[in-house]
Amino acid sequence: GMFFVEVWMPDSSSQERTLAATKQVEAILAETEGVNNYIALPGFSLINNKNVQFLPLEIGKNFYNLTSLIASGNAIRSLTKNELGRLYRLKSLNLESNEIESVKFNAFDDLISLEILDLDYNKLTSLDGKIFSGNFYLKQLTAHDNQLESLHEDIFEHNPMLESVRLQNNKISRLSHKMLDHVPHMRKLSLAKNVCIDKNYEGTRIGSTYAVDISRMCENREEKNLQF
């Protein structure tokens, strides 16, 4: 297992004082039974820090055993493989409430153990059709409250373990049946509050496994039907 220790210093603290406090924490960890390895990132916080506009480059080089990463509430604008490379054991990645506008097509390629991905409350308008091609074990994907307009029909081609997808409050008006053919274990697809979804689709079951949550939202928008 692993854990984070986040040390908060007064805003006026000098770099020397910050480093001294970090050294004290390192000394405590060094004497703590059961702690074999530790690494310090003085002056850097990955949670609720609007000064953070990108993840540390090659974070996996130092945290190669990391299984869960929370980097929510920051000002991250884009994701590439340079930041997420070598995180082979990562199972959960939380990037909600950032300002992510783009994700490089191969950004998640090294996350071969990933099971849970949270991209809620960002500014995504599209996702590459091969973006999850390296995430065979992906089970839960949430990307609600973005600006997604559509999803490529092959986006889940390499995700046979996928069980739940939450895409509420985007701008999606059309999906392909082919997209769902790749996910035999899907149990929940939530599409509520997208551009304008015909009431006739509410409660629709696709095949014998897909439960689709759709609700009408046409407020001050041109009417469009969500089509499969």
Side-chain angles (χ1 to χ4, degrees), residues 1-8 15 18-19 22 25-26 37-148 151-152 154-159 161-162 165-167 170:
M2 57 84 62
F3 62 90
F4 282 98
V5 176
E6 188 164 34
V7 179
W8 288 79
Q15 184 178 19
T18 300
L19 291 174
T22 302
V25 174
E26 287 182 316
N37 298 289
Y38 56 87
I39 185 170
L41 294 173
F44 191 85
S45 173
L46 282 176
I47 303 175
N48 296 325
N49 186 348
K50 291 303 181 182
N51 291 320
V52 175
Q53 297 184 4
F54 52 86
L55 291 171
L57 291 177
E58 295 188 350
I59 190 172
K61 184 176 182 179
N62 294 315
F63 295 98
Y64 54 86
N65 283 323
L66 202 64
T67 59
S68 178
L69 175 59
I70 301 174
S72 59
N74 298 307
I76 299 170
R77 296 184 178 181
S78 62
L79 295 172
T80 72
K81 190 175 181 179
N82 291 333
E83 296 94 22
L84 297 171
R86 304 189 189 185
L87 291 171
Y88 304 118
R89 300 185 181 183
L90 196 71
K91 292 187 176 183
S92 176
L93 177 59
N94 186 331
L95 293 164
E96 71 167 302
S97 300
N98 278 280
E99 299 177 13
I100 301 172
E101 298 176 338
S102 65
V103 181
K104 197 74 173 178
F105 73 95
N106 62 348
F108 303 134
D109 277 5
D110 281 357
L111 309 185
I112 57 176
S113 300
L114 190 66
E115 297 180 5
I116 301 172
L117 176 60
D118 189 338
L119 295 168
D120 299 339
Y121 299 105
N122 279 288
K123 299 180 179 180
L124 293 168
T125 58
S126 64
L127 292 171
D128 187 88
K130 301 297 182 182
I131 194 169
F132 303 125
S133 60
N135 313 125
F136 180 87
Y137 296 102
L138 186 64
K139 293 181 179 180
Q140 298 179 32
L141 169 66
T142 64
H144 64 69
D145 289 271
N146 277 274
Q147 300 174 31
L148 295 170
L151 292 177
H152 193 278
D154 293 326
I155 194 168
F156 300 136
E157 181 179 3
H158 302 282
N159 313 118
M161 310 300 290
L162 195 60
V165 177
R166 299 178 61 196
L167 299 170
N170 278 281

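As the structure is a prediction and not an experimental result, all values here were calculated from the model.
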*Passes side-chain contact (heavy atoms from CB on, under 4.5 Å), His152 versus Lys130? Steps please.*
CA-CA 9 Å; His152 193 278; Lys130 301 297 182 182; over 6 Å; no
So Leu167 and Leu151, side-chain contact (heavy atoms from CB on, under 4.5 Å) or not? Walk me through it. CA-CA 10 Å; Leu167 299 170; Leu151 292 177; 3.4 Å; yes
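Under a 3.5 Å cut-off, the side chain of Asn74 and the backbone N or O of Asn98 do not form any donor-acceptor pair. The closest donor-acceptor contact from the side chain of Asn135 to the backbone of Ile112 lies at 3.5 Å or more, if one exists at all. With hydrogens and angles ignored, the 3.5 Å screen pairs a side-chain donor or acceptor of Asn122 with a backbone N or O of Asp120. In this structure, Asn146 contributes its side chain and Asn170 its backbone to no donor-acceptor pair below 3.5 Å. For Thr67 (side chain) and Arg89 (main-chain N/O), no donor-acceptor pair under 3.5 Å exists by modelled atom type.
Using a 4.5 Å cut-off on side-chain heavy atoms (C-beta onward), Leu124 and Ile100 make contact. Residues Lys81 and Phe108 fail the side-chain proximity criterion, which asks for heavy atoms closer than 4.5 Å. Within the 4.5 Å cutoff, no side-chain heavy atoms of Leu84 are placed close to those of Leu90. In this structure, Asp128 and Val103 have side chains that are not in contact, with every pair of non-hydrogen atoms separated by 4.5 Å or more. Counting only heavy atoms from C-beta outward, the side chains of Phe132 and Leu141 approach each other to under 4.5 Å. Contact annotation: the side chain of Arg77 never approaches that of Lys123 to less than 4.5 Å [non-hydrogen atoms, C-beta and beyond].
Between the CD atom in Glu96 and the OG1 atom in Thr142 there is a gap of 7.5 Å [rounded to 0.5 Å]. Distance check: Leu93 CG to Leu79 CG gives 7.5 Å after rounding to the nearest 0.5 Å. If you take CD on Glu83 and OG on Ser78, they are separated by 6.5 Å, rounding to the nearest 0.5 Å. The distance from the CG atom of Asn51 to the CD atom of Gln53 is 8.0 Å, given to the nearest 0.5 Å. Summarising the geometry, atom OG belonging to Ser97 is positioned 11.0 Å from atom CD1 belonging to Ile76; distances are rounded to the nearest 0.5 Å. We find the OH-CG distance between Tyr88 and Asp109 to be 10.5 Å, quoted to the nearest 0.5 Å.
In Lys91, the NZ atom is not crowded: 12 or fewer heavy atoms of neighbouring residues, nucleotides or ligands sit closer than 6.0 Å. Summarising the local packing, CD1 of Ile70 is surrounded by 12 or fewer heavy atoms from other residues, nucleotides or ligands at distances under 6.0 Å.
Scored by the side-chain hydrogen bond (donor to acceptor under 3.5 Å, both in side chains) test, Arg166 finds no partners at all (sequence neighbours excluded).
Across Glu99 and Ala75, no two heavy atoms sit closer than the pair OE2-CB, 4.1 Å.
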